[in-house]
Amino acid sequence: MRSGDDIELVNVSKRYAGGAVAVDAVTHLFRGNTYICLLGPSGCGKSSTLRMIAGHESVTDGAIVLGGRDVSALPPAKRGTAMMFQSYALFPHLTVTDNVAFSLKMKGEDAARRRARAGQMLELVDMSAFGDRLPAQLSGGQQQRVALARALITNPQVLLLDEPLSALDPFLRIRMRAELKRIQRELGITFIHVTHGQDEALALSDEVVVMNKAKIEQAGPAREVFNAPRTAFVARFMGGHNVISLPQGQFALRADAVRLSDMGTEAVVQAVEYQGTHVAVTARSAGDQDILAVIPEAEFFAAPRSPGETVRLGWQDSDLHPLTA
C-alpha cells in the first residue's frame with residue numbers, strides 16, 4: 001500500500017545537449033518514511049536522479065510524483081523536498097543560528113519564531129552550543145550538522161543528500177552515518193542519500209538502489225541486494241563477492257565462503273593483505289580467474305601463505321549464487 005510520502009519516478013530520463021544520456025527511462029517507487037541509498041560508480045546517473053527529484057535539474061521525459069502529485073514542473077521550494085549539498089554551502093558571514101533560520105527569514109517569519117525553530121533544529125543535530133559561531137569556526141563535521149539542520153527546518157517530506165559524508169575523515173564518517181540514521185528514524189521522513197560507498201549504503205539504508213549506465217540495475221533491502229545480486233556488476237560493485245564462471249553459467253560467491261583447503265580448485269597466491277580481524281588472500285586459478293578469500297586472522301596465521309605459493313580453494317556448492325540477469 002502506498003503512503004502519502006512515496007516518491008515515484010515514471011519513465012524518467014535526463015538527456016543533455018549533444019545527446020549524452022544521464023538517466024535512461026527509469027521507473028521506480030521509493031517508499032515513504034524510509035532511508036534509501038542510491039549507489040553506483042561515478043557517472044551512473046545517481047546524482048542526476050537526485051537533482052531531478054529536488055528540482056535542480058529539469059526532467060527531459062517522464063514524471064516525478066510525490067505523494068500522488070506530479071511535481072516535475074514545480075520549483076524546488078514548492079516540492080516538499082529539501083536538499084543537503086556535498087559542499088554544505090553555508091553563508092560565511094552568518095552565524096550558525098542565522099544560517100539554519102535563513103529559509104524561514106526568506107518566508108517572512110518573525111525573528112523570535114525563526115530563532116526558536118532554529119534552536120530546535122540545532123538541538124536535534126547536537127549543535128545547540130554553537131549557535132553564535134560563524135561557519136569558519138566549526139570543524140567539517142560540525143558544518144555538516146548545521147547544513148543538515150538548515151535543510152530540515154522547512155519540514156520537508158523528503159530530504160535529499162548528495163554524498164554528504166564524502167568530505168569527512170573515516171572515523172567521523174562512521175559516527176555521522178549513525179547520526180543520520182537516528183535523525184531519519186526520529187523524524188519519520190524519507191531520506192534519499194547518494195553515495196558511491198558500499199559500506200555506507202549497507203549501514204544506512206532500508207533500500208539500496210544500485211545504478212549503472214543511467215539505469216537501475218537492482219533495488220531492494222540492503223541484505224537482499226548484498227546476498228542475492230542479480231548481475232555480475234552488482235556482485236562486484238557491492239564488494240565481498242567473487243564472480244565465478246563455471247560450465248553451468250556465472251555465479252556470485254562470497255569471499256568469506258572461500259577457504260584454503262586440502263581439496264578444491266588449484267590456484268596461485270597473488271596477494272595477501274592483513275586487514276585486522278581477517279586476511280584477504282587473492283589467488284589466480286586456471287583461466288586467469290582471480291578469486292578472493294577472506295580468512296579469519298587466527299585461521300590464516302595458523303598456516304600462513306605467501307604470494308607465489310600454490311594453494312587449493314574450497315567452498316560449498318550451496319554458497320554459489322546464480323547470476324540470473
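Keep in mind that the numbers below use all heavy atoms, side chains included, and drop hydrogens, waters and symmetry copies.
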> L159, L187: one ILVMFWY side-chain cluster at the under-4.5 Å cut-off?
Replying inline: yes

> Measuring from L9:CG to I53:CD1, what's the distance to the nearest 0.5 Å?
Replying inline: 5.0 Å

> Is it true that atom CD of Q316 has more than 12 heavy atoms of other residues, nucleotides or ligands lying nearer than 6.0 Å?
Replying inline: no

> Quick one: does S166's side chain have a donor or acceptor within less than 3.5 Å of a partner on E163's backbone?
Replying inline: yes

>> Run T231 and E217 through side chain to side chain donor-acceptor pair (under 3.5 Å) and show every step you take.
In response: CA-CA 8 Å; T231 67; E217 189 117 344; 2.9 Å; yes

> Closest heavy-atom contact between P229 and V234?
Replying inline: CB-CG1, 3.8 Å

>> Using a strict threshold of under 4.0 Å (side-chain N to carboxylate O), is an ion pair present between E266 and R312?
In response: yes

> Is there a salt bridge (Lys or Arg N to Asp or Glu O under 4.0 Å) between E207 and R31 once you walk through the steps?
Replying inline: CA-CA 9 Å; E207 181 185 36; R31 292 290 182 190; over 6 Å; no

> Can you find a pair of side-chain heavy atoms, one from L74 and one from R69, that are under 4.5 Å apart?
Replying inline: yes

>> Could you tell me if R254 and N242 have a donor-acceptor pair between their side chains, going purely by distance under 3.5 Å?
In response: no

>> Checking H241 against F226 for the ring pair (Phe, Tyr, Trp, His ring centres under 6.0 Å) test, could you report, in this order, the C-alpha distance in whole Å, the side-chain angles of both residues, the deciding distance, and whether it holds?
In response: CA-CA 9 Å; H241 288 84; F226 182 80; 4.7 Å; yes

>> Working note: R173 + D199, criterion salt bridge (Lys or Arg N to Asp or Glu O under 4.0 Å); need CA distance, chi angles, decisive distance, verdict.
In response: CA-CA 11 Å; R173 207 156 45 228; D199 57 340; over 6 Å; no

> Where do Q120 and R117 land on the side chain to side chain donor-acceptor pair (under 3.5 Å) test, with the steps shown first?
Replying inline: CA-CA 5 Å; Q120 293 171 353; R117 182 73 179 136; 2.9 Å; yes

> Would you find more than 12 non-hydrogen atoms of other residues, nucleotides or ligands less than 6.0 Å from E123 atom CD?
Replying inline: no

>> Does this structure show an ion pair linking R175 with E179, if we count only N-O contacts that are shorter than 4.0 Å?
In response: no

> So Y35 and H193, would you call those rings parallel, tilted or perpendicular, with 30° and 60° as cut-offs?
Replying inline: tilted

> Do M121 and R150 have side-chain heavy atoms sitting under 4.5 Å apart?
Replying inline: no

>> Between R259 and E299, does any side-chain N to carboxylate O distance fall below 4.0 Å?
In response: yes

> Could you state the interatomic distance from CD (Q289) to OG (S245), rounded to the nearest 0.5 Å?
Replying inline: 5.0 Å

> Below 4.0 angstrom, N of the basic side chain to O of the carboxylate: do R177 and E200 qualify?
Replying inline: no

>> So that I can tick it off, tell me whether R15 and D61 are bridged by a salt bridge, with the cut-off set at under 4.0 angstrom between side-chain N and carboxylate O.
In response: yes

>> In terms of relative ring orientation, are H28 and F30 parallel, tilted or perpendicular, with 30° and 60° separating the classes?
In response: perpendicular

>> Strictly distance-based, threshold 3.5 Å: is any side-chain N or O of S48 a donor or acceptor partner for the main-chain N or O of V23?
In response: no

>> If we ignore hydrogens and angles and just use 3.5 Å, is the side chain of D319 paired with the main-chain N or O of W315 as donor and acceptor?
In response: no

>> Membership question, hydrophobic clusters at under 4.5 Å side-chain separation (ILVMFWY): are V268 and V281 in the same one?
In response: no

> Quick one: are M83 and D162 in side-chain contact, heavy atoms under 4.5 Å?
Replying inline: yes

> Going through the distances and angles, do R185 and N33 end up as a side chain to side chain donor-acceptor pair (under 3.5 Å)?
Replying inline: CA-CA 8 Å; R185 284 179 172 157; N33 311 326; over 6 Å; no

> What distance separates L148 CG from L180 CG, expressed to the nearest 0.5 Å?
Replying inline: 6.0 Å

> Minimum heavy-atom separation for T81 to P156, with atom names?
Replying inline: C-CB, 3.9 Å

> Has the side chain of S72 got a donor or acceptor atom that lies under 3.5 Å from a matching backbone atom of I64?
Replying inline: yes

> Is Q218 reaching over with its side chain to a backbone N or O of V210, donor-acceptor style, under 3.5 angstrom?
Replying inline: no

> So, does K46 use its side chain to make a donor-acceptor pair with the main chain of P41 at under 3.5 Å?
Replying inline: yes

>> Within the structure provided, determine whether Q142 and S139 are in side-chain contact (heavy-atom separation under 4.5 Å).
In response: yes

> How long is the span from the CG atom in L172 to the CG atom in L165, to the nearest 0.5 Å?
Replying inline: 8.5 Å

>> Quick check for you: to the nearest 0.5 Å, what is the distance between T60 atom OG1 and M52 atom CE?
In response: 7.0 Å

> With the 4.5 Å side-chain cut-off for hydrophobic clustering, are V26 and L50 part of the same group?
Replying inline: yes

> More than 12 foreign heavy atoms under 6.0 Å from CG of D262: is that the case here?
Replying inline: no

>> Is there a side-chain contact (heavy atoms from CB on, under 4.5 Å) between V209 and L39? Walk through the geometry before answering.
In response: CA-CA 6 Å; V209 178; L39 178 66; over 6 Å; no

> Which is it for I192 and I7 under the side-chain contact (heavy atoms from CB on, under 4.5 Å) test, yes or no, and what are the steps along the way?
Replying inline: CA-CA 10 Å; I192 302 180; I7 300 174; 3.7 Å; yes

>> Distance check, rounded to the nearest 0.5 Å: T282 atom OG1 versus R284 atom CZ?
In response: 9.5 Å

> Any side-chain heavy atom of L104 within less than 4.5 Å of one from R113?
Replying inline: no

> Is the side chain of R115 donor-acceptor paired with the backbone N or O of A101 at a distance under 3.5 Å, no angle test?
Replying inline: no

> Do the side chain of E8 and the main chain of D6 share a donor and acceptor less than 3.5 angstrom apart?
Replying inline: no

> Can you find a heavy atom in the side chain of D206 that is under 4.5 Å from one in the side chain of I36?
Replying inline: no

>> Between Y16 and V21, is the side-chain contact (heavy atoms from CB on, under 4.5 Å) condition met? List the steps.
In response: CA-CA 6 Å; Y16 294 103; V21 179; over 6 Å; no

>> Is there a side-chain contact between L124 and E186 in this structure, where contact means two heavy atoms from C-beta onward sitting under 4.5 Å apart?
In response: yes

>> Check whether T95 reaches the backbone of D132 with its side chain - one donor and one acceptor, N or O, closer than 3.5 Å.
In response: no

> Is the backbone N or O of M263 less than 3.5 Å from a side-chain atom of S261, with the two atoms forming a donor-acceptor pair by type?
Replying inline: yes

>> Using the side chain to side chain contact (heavy atoms under 4.5 Å, CB included) definition, which of the options S47, P164, C37 pairs with V194?
In response: S47

> Yes or no on side chain to side chain donor-acceptor pair (under 3.5 Å) for T49 and K14, after CA distance, side-chain angles and deciding distance?
Replying inline: CA-CA 8 Å; T49 300; K14 178 63 183 179; over 6 Å; no

> What do the steps show when you test F191 against V158 for side-chain contact (heavy atoms from CB on, under 4.5 Å), and what is the final call?
Replying inline: CA-CA 6 Å; F191 279 31; V158 182; over 6 Å; no

> Below 4.5 Å, heavy atoms only, C-beta onward: do T277 and E297 meet side chain to side chain?
Replying inline: no

> Any link between L292 and V258 through a network of hydrophobic side chains (Ile, Leu, Val, Met, Phe, Trp, Tyr) touching at under 4.5 Å?
Replying inline: no

>> Tell me if the CD atom of Q137 is crowded by more than 12 foreign heavy atoms within 6.0 Å.
In response: yes

> Linking I/L/V/M/F/W/Y whenever their side-chain heavy atoms sit closer than 4.5 Å, directly or via other members, would I189 and V100 fall into one cluster?
Replying inline: yes

